[in-house]
Amino acid sequence: MLAAFSTMIVLAAAIGLIAMMIFVFSELIPKKRPATNTLLADEKVDELKKDSLRQQIISYDSPRLIDTLNFIYLIPVNVKTLEKPEEMDKEVLGLLDMDYEMSSGRKFLGRRFYGAFNNLIVYDYKNGNSSRISDSRFIGTDLSFEYFDDEIIVVFTGAEKDTDKDKSITLLDFKSIFIYSLKTKELKKVSIDNATVNEFKYIENKKDILITFGYDRNKNNKFDSDIEPTFVMKYDYMNDKLIPIVDKELEKDIQKIIDKN
């Protein structure tokens, strides 16, 4: 009798221990949540549209005052991916019911915005109107504001296409550089085929930009920094064109040094 009772106690303790371990491990394992600020590839969006469905909705980040004289604000727009598709005619944010969530985890520091976004809204407080800077789908990052005597220029890098064919548009896809003037309200895109923007730097007190591109030399739709080269171009703002800063002859000469040729 005593042996049977002891066996039951040991069995119950073992079951309890197993249950506790399952609970602890389930809490430690990250729950899979829909990706934020990852755009569905065009093919997926088109597939959903056939059934009048969507799976991503817009969200707004905190406004940033970029023109203190004219009270012009910039509001980054991003997307939230729903757990399952919904009807397109459903209200996006439900603002009348105050049932919405502002995104977090992004900060404005000085002249830069650290975080990803999918469009930008220019809000004119004095005139009470807002406008978007782009009519295209993209995911952007590295947002900066450059101040000149005659205008303010907004610059960022962004991807528009699913170049690596993983069915999502992310910042791992090939990026272009985008340049928006608050004065002209014109958005320019600067890109090179089979290349992605790695970094950009303004020339001091000038509107020209030095852009470092990563070159997809093996044409596999991905840039591998370990085996593929980067190169630098100057963007001529006034003439809206890219100019190599190292000519082909100098490039050949430097390569010959490496080749001991």
Side-chain angles (χ1 to χ4, degrees), residues 37 39 42 58-79 103 106-161 163 169 171 173-193 195-213 231-245:
N37 272 344
L39 284 175
D42 293 347
I58 60 173
S59 178
Y60 304 111
D61 275 296
S62 299
R64 165 70 172 180
L65 179 62
I66 61 172
D67 185 345
T68 55
L69 182 62
N70 297 302
F71 290 96
I72 304 294
Y73 290 81
L74 202 64
I75 305 173
V77 179
N78 54 63
V79 298
S103 65
R106 297 166 180 81
K107 295 181 179 180
F108 281 113
L109 297 176
R111 294 182 175 183
R112 288 189 174 271
F113 171 74
Y114 295 87
F117 53 93
N118 305 101
N119 213 323
L120 294 168
I121 292 175
V122 179
Y123 172 52
D124 185 336
Y125 171 80
K126 287 184 177 180
N127 296 313
N129 57 48
S130 300
S131 60
R132 63 182 180 274
I133 72 163
S134 176
D135 295 327
S136 302
R137 301 173 73 239
F138 68 83
I139 176 167
T141 189
D142 299 325
L143 177 64
S144 68
F145 321 105
E146 302 298 330
Y147 295 84
F148 300 94
D149 293 338
D150 58 337
E151 64 179 325
I152 299 173
I153 298 175
V154 178
V155 186
F156 60 91
T157 62
E160 293 181 297
K161 297 294 181 182
T163 55
I169 302 174
L171 294 172
D173 291 304
F174 288 174
K175 298 189 295 292
S176 307
I177 189 167
F178 295 83
I179 303 161
Y180 179 81
S181 169
L182 286 183
K183 179 180 178 181
T184 64
K185 296 180 172 54
E186 180 184 4
L187 179 66
K188 299 176 181 178
K189 183 180 82 169
V190 180
S191 62
I192 295 178
D193 290 342
T196 183
V197 174
N198 273 11
E199 187 181 1
F200 65 87
K201 294 180 179 178
Y202 263 90
I203 295 174
E204 192 70 22
N205 299 319
K206 302 289 184 180
K207 295 180 183 179
D208 293 344
I209 307 172
L210 295 180
I211 307 172
T212 304
F213 289 91
F231 60 97
V232 183
M233 304 281 282
K234 182 186 80 171
Y235 173 67
D236 185 330
Y237 181 81
M238 293 301 296
N239 296 303
D240 189 26
K241 67 178 182 179
L242 282 169
I243 302 171
I245 64 171

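One finds the CD atom of E186 at 11.0 Å from the CD1 atom of I153 (value rounded to the nearest 0.5 Å). Atom-to-atom distance recorded for D208:CG and K234:NZ is 5.0 Å, nearest 0.5 angstrom. Note: K161 NZ to F174 CZ = 14.5 Å, rounded to the nearest 0.5 Å.
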Assess the residue pair N118 and I58 against the criterion (side-chain contact (heavy atoms from CB on, under 4.5 Å)); give the C-alpha distance rounded to whole Å, side-chain angles, the decisive distance to 0.1 Å, and a yes or no.
CA-CA 9 Å; N118 305 101; I58 60 173; over 6 Å; no
For a side-chain contact (heavy atoms from CB on, under 4.5 Å) check, start with the C-alpha distance between V122 and L182, then their side-chain angles and the critical distance, and finish with the verdict.
CA-CA 9 Å; V122 179; L182 286 183; 4.1 Å; yes
Using side-chain contact (heavy atoms from CB on, under 4.5 Å), reason through K126 and N70 one step at a time and then give a plain yes or no.
CA-CA 7 Å; K126 287 184 177 180; N70 297 302; 4.2 Å; yes
Would you sort out whether Y73 and I121 count as a side-chain contact (heavy atoms from CB on, under 4.5 Å), showing the intermediate values?
CA-CA 8 Å; Y73 290 81; I121 292 175; over 6 Å; no
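Minimum heavy-atom separation, S191 to S176: CB-OG, 3.2 Å. When every heavy atom of S136 is checked against every heavy atom of N119, the shortest pair comes out as O-ND2, 4.5 Å. Considering every non-hydrogen atom in both D150 and K183, the closest pair reads O-CD, 3.5 Å.
Counting only heavy atoms from C-beta outward, the side chains of D61 and N78 approach each other to under 4.5 Å. Within the 4.5 Å cutoff, the side chain of I209 has heavy atoms near those of the I179 side chain. V154 is not listed as a side-chain neighbour of I133, based on a closest heavy-atom distance of 4.5 Å or more. The shortest distance between side-chain heavy atoms of L74 and F145 falls below 4.5 Å. Counting heavy atoms from C-beta on, the side chains of V197 and T212 never come closer than 4.5 Å. Taking the side chain as every heavy atom from C-beta outward, F117 and L143 approach each other to under 4.5 Å. In this structure the side chain of I169 never reaches within 4.5 angstrom of the side chain of T163, judged on heavy atoms. Counting heavy atoms from C-beta on, the side chains of D142 and F200 come closer than 4.5 Å.
Y180 places no side-chain N or O within 3.5 Å of a backbone atom of L120 that could act as its donor or acceptor partner. At least one donor-acceptor pair under 3.5 Å links the side chain of D67 to the backbone N or O of L69. Judged by distance alone, with hydrogens and angles left aside, the side-chain atoms of D236 form a donor-acceptor pair with the main-chain N or O of M238 at under 3.5 Å.
For T196, the side chain to side chain donor-acceptor pair (under 3.5 Å) test picks out no residue, with sequence neighbours left out. Applying the ring pair (Phe, Tyr, Trp, His ring centres under 6.0 Å) test to F178 and every residue at least two apart in sequence or in another chain returns F138, F156. In this structure, D124 has no salt bridge (Lys or Arg N to Asp or Glu O under 4.0 Å) partners at least two apart in sequence or on a different chain. By the side chain to side chain donor-acceptor pair (under 3.5 Å) test, D135 pairs with R132, sequence neighbours left out. Evaluation of the salt bridge (Lys or Arg N to Asp or Glu O under 4.0 Å) rule for K189 yields E160 as partners, not counting sequence neighbours. For Y202, the side chain to side chain donor-acceptor pair (under 3.5 Å) criterion is met by no residue, not counting sequence neighbours. Among residues two or more places apart in sequence or in another chain, the side chain to side chain donor-acceptor pair (under 3.5 Å) test is passed with E151 by S181, K207, Y237. Take N205 and apply the side-chain contact (heavy atoms from CB on, under 4.5 Å) test, not counting sequence neighbours, and it matches no residue. Residues satisfying the salt bridge (Lys or Arg N to Asp or Glu O under 4.0 Å) criterion with K188, sequence neighbours excluded, are absent altogether. With sequence neighbours left out, L171 forms a side-chain contact (heavy atoms from CB on, under 4.5 Å) with A116, I139, T141, K175. Remark: F231 engages I192, A195, F213, Y215, M233 in a side-chain contact (heavy atoms from CB on, under 4.5 Å) (not counting sequence neighbours). With sequence neighbours excluded, the residues that form a salt bridge (Lys or Arg N to Asp or Glu O under 4.0 Å) with K201 are E199.
Remark: F71 CZ is loosely packed, at most 12 non-hydrogen atoms of other residues, nucleotides or ligands lying under 6.0 Å away. With a 6.0 Å radius and a threshold of 12 heavy atoms from other residues, nucleotides or ligands, N129 has its CG atom above the threshold.
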